[in-house]
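Counting starts at 1 for both ligands and their atoms, following the listed order. Throughout, numbering of the chain's residues begins at 1 and tracks the sequence. Quick caveat, the model's predicted, so the values are computed rather than measured.
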Amino acid sequence: MTTSNVESPLDVAQIRADFPILHQVDDEQHPLVYLDNGASSQRPKSVIDCLSDVYAKHYANVHRGAHRLSGESTDLFEVARRAVRQFIGAASENEVIFTSGTTMGINLVARSWGDSNLKKGDEILLTEMEHHSNLVPWHQLAERTGATIRAIPITKDGQLDLDFLPKLLTERTKLVAVTAVSNVLGTINPVGQIITAAHAAGAKVLVDAAQAVPHEAIDVGLWDADFVAFSGHKMLGPSGVGVLYGKEILLDEMPPFLGGGSMIDMVEIDRFTPAMLPAKFEAGTPPIADAIAMTPAIEYLEEVGLERILQHEQSLAAYAHELLSDVKGLRILGPEVTAKAGIVSFVVDGLAASDVATFLDGRGVAVREGHHCTLPLHKKLGISASVRASFYLYNTREEVEKLSDAVHAAVEFFG
Ligand code: C6P
């Protein structure tokens, strides 16, 4: 799918009917045009109903009580773990750790695997397009261990410059941490290729899949990834829950990250032994209802079909590229539409991103502005902020037109 005039493979009107929040208008009767899906998606009724159903009928703490409700809650919680396992192609439920989100998953790996495996002189290889969540935990690890950070540069058109890979990957490289899809440029990175090269150099790989799992079918086994982190709230699920996938052989060897209830096998006054996987990494009361509601979120995505979702989003991105191309002074960041997901970030000469976004909001168009937690990327691009429209399965071509009309009007207004 490369052109903007190809019909969507989705019945978007039917999909929109499932998302109650999309049908609102602002005080000036502008219908909501929600194009901030990169920050957080909206939820279908099935996910909202599931949350309310759990709290109304099934809620109790999990893995703790002998009573009926705790059993029901625990069963539903483990059903969700199975759904995630199957959704990402993990080999075992022991490889699926519920976290609070991508950020926590990456921090877990940095603290647990990183602290045990890195030492002074080792290198962590990142990329210039990483989100702060996939930068700062590695900076902190480097500070603790004396390891060094290196980064794969990006090309002028916002793709990873893999020509540098053979030089950057050495016997000192212990970990490669890379995003599968850039949250600003939309670039879809060749994760499989990077993992193969990293493994050949003896390094482990963590994939930040926050912007990938909601939009493309991933298979952690096919990738052969060592760790993969993502968040529920970007994939139609609740906020407050996320997933860390890790190869069982690695998770088995890693010490627990957080200590507390549930993660122990035995505790005495002066020592403890950790529980088996996955409990070892799920200290304390987990996000119970939120994890349970991952099941309907996954079911929804599977029913619509991730291939068709990506195709739809790419066609909207192509349409946005086309409609925005004649805005004076507007520059779209990142590669051609063929190389990216449904994310369109841009800057307009002489206009503050915040002014553009506020103007758009005045017409009901919700976009994100700022550095999108990618300060090094923005510095590399020579800008301090950008405006980002990020599409999802429920967005329409008419909404892209409203975005374009509002951007044209903003440029006229401020220009
Ligand atoms: N990006 C955005 O507007 P959390 O906050 O833990 O759910 O996800 C963090 C994260 C990690 N990696 C990538 C590539 C991301 O895009 C995000 C979240 C949002 O772009 C909020 S800053």
Side-chain angles (χ1 to χ4, degrees), residues 34-43 84 97-111 126-140 151-152 154 158 160 176-189 191 194 205-216 218 225 227-245 257 286-287 290-291 293-294 297 313 317 333-334 340-346 353-354 357 361 366-378 381 385-392:
Y34 188 77
L35 304 180
D36 195 18
N37 298 287
S40 209
S41 74
Q42 299 298 347
R43 278 127 212 90
V84 172
I97 312 294
F98 281 121
T99 62
S100 64
T102 308
T103 304
M104 181 182 161
I106 298 173
N107 277 276
L108 188 163
V109 176
R111 287 276 173 181
L126 312 173
T127 87
E128 287 182 338
M129 64 169 78
E130 297 309 314
H131 185 280
H132 296 169
S133 291
N134 202 25
L135 291 173
V136 182
W138 308 119
H139 299 166
Q140 294 172 309
I152 304 172
I154 56 166
L160 291 181
V176 179
V178 59
T179 190
V181 173
S182 160
N183 68 320
V184 175
L185 308 169
T187 316
I188 300 175
N189 290 323
V191 169
I194 294 168
V205 182
L206 176 138
V207 181
D208 174 349
Q211 299 287 348
V213 170
H215 311 281
E216 58 174 284
I218 73 152
F227 302 103
V228 178
F230 56 97
S231 305
H233 68 95
K234 293 185 202 286
M235 51 176 288
L236 310 184
S239 61
V241 65
V243 172
L244 173 70
Y245 159 82
F257 167 45
D290 302 321
M294 288 292 274
E313 292 167 4
L333 311 176
K340 69 184 211 172
I343 290 177
V344 178
S345 298
F346 59 88
S354 54
D361 184 50
V367 293
R368 186 171 172 192
E369 58 79 24
H371 53 64
H372 317 296
C373 300
T374 59
L375 276 169
L377 173 63
H378 276 68
L381 297 171
S386 55
V387 182
R388 181 186 68 186
S390 47
F391 305 112
Y392 212 1

**Q.** Minimum heavy-atom distance Phe346-Val344, with the two atoms named
**A.**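 Nearest heavy atoms, Phe346 then Val344: CD2-O, 4.0 Å.
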Q) To the nearest 0.5 Å, what is the distance between CD1 (Ile343) and NE2 (His215)? A)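 Output value for this atom pair is 6.0 Å.
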(Q) Using heavy-atom distances only, which candidate in Met129, His132, His131, Arg388 approaches atom 10 (C) of ligand 1 most closely? (A)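 That would be His131.
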Q.
My understanding is that we take every heavy atom of each candidate and find the minimum distance to atom 21 (C) of ligand 1. Doing that for Arg368, His371, His372, which one comes out nearest?
A.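 Answer by nearest heavy atom: Arg368.
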Structural part of [X] in contact with ligand 1, heavy atom criterion under 4.0 angstrom:
X	answer
Glu130	neither
Thr179	side chain
Met104	neither
Ala39	both

Under a 3.5 Å threshold, yes or no: a donor from one side chain and an acceptor from the other, between [X] and [Y]?
X	Y	result
Ser133	Thr102	no
Ser182	Thr187	no
His372	Thr374	no

With a 4.5 Å limit on heavy-atom distance, are the side chains of [X] and [Y] in contact?
X	Y	result
Pro376	His132	yes
Met294	Met235	yes
Ile188	Glu216	yes
Val367	Arg388	no

Looking only at protein heavy atoms, identify the closest one to [atom] and say how far it is in Å.
atom	answer
atom 18 (C) of ligand 1	Lys234 NZ, 2.8 Å
atom 11 (C) of ligand 1	Asp208 OD2, 3.4 Å
atom 6 (O) of ligand 1	Thr103 OG1, 2.5 Å

Can you name the atoms of ligand 1, numbered from 1 with element, that are less than 4.0 Å from a heavy atom of [X]?
X	result
Thr102	6 (O), 8 (O), 11 (C)
Ala210	11 (C), 12 (N), 13 (C), 15 (C)
Ser133	9 (C), 11 (C)
Asn183	2 (C), 16 (O), 20 (O)
Ser231	4 (P), 6 (O), 7 (O), 8 (O)

Q.
Tell me which pairs pass salt bridge (Lys or Arg N to Asp or Glu O under 4.0 Å) where either residue lies in residues 129-140, with sequence neighbours left out.
A.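 Those involving residues 129-140 do not exist here.
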Q. Taking N or O atoms only and a 3.5 Å limit, does Gln211 qualify as a polar contact for ligand 1?
A.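 There is such a contact, yes.
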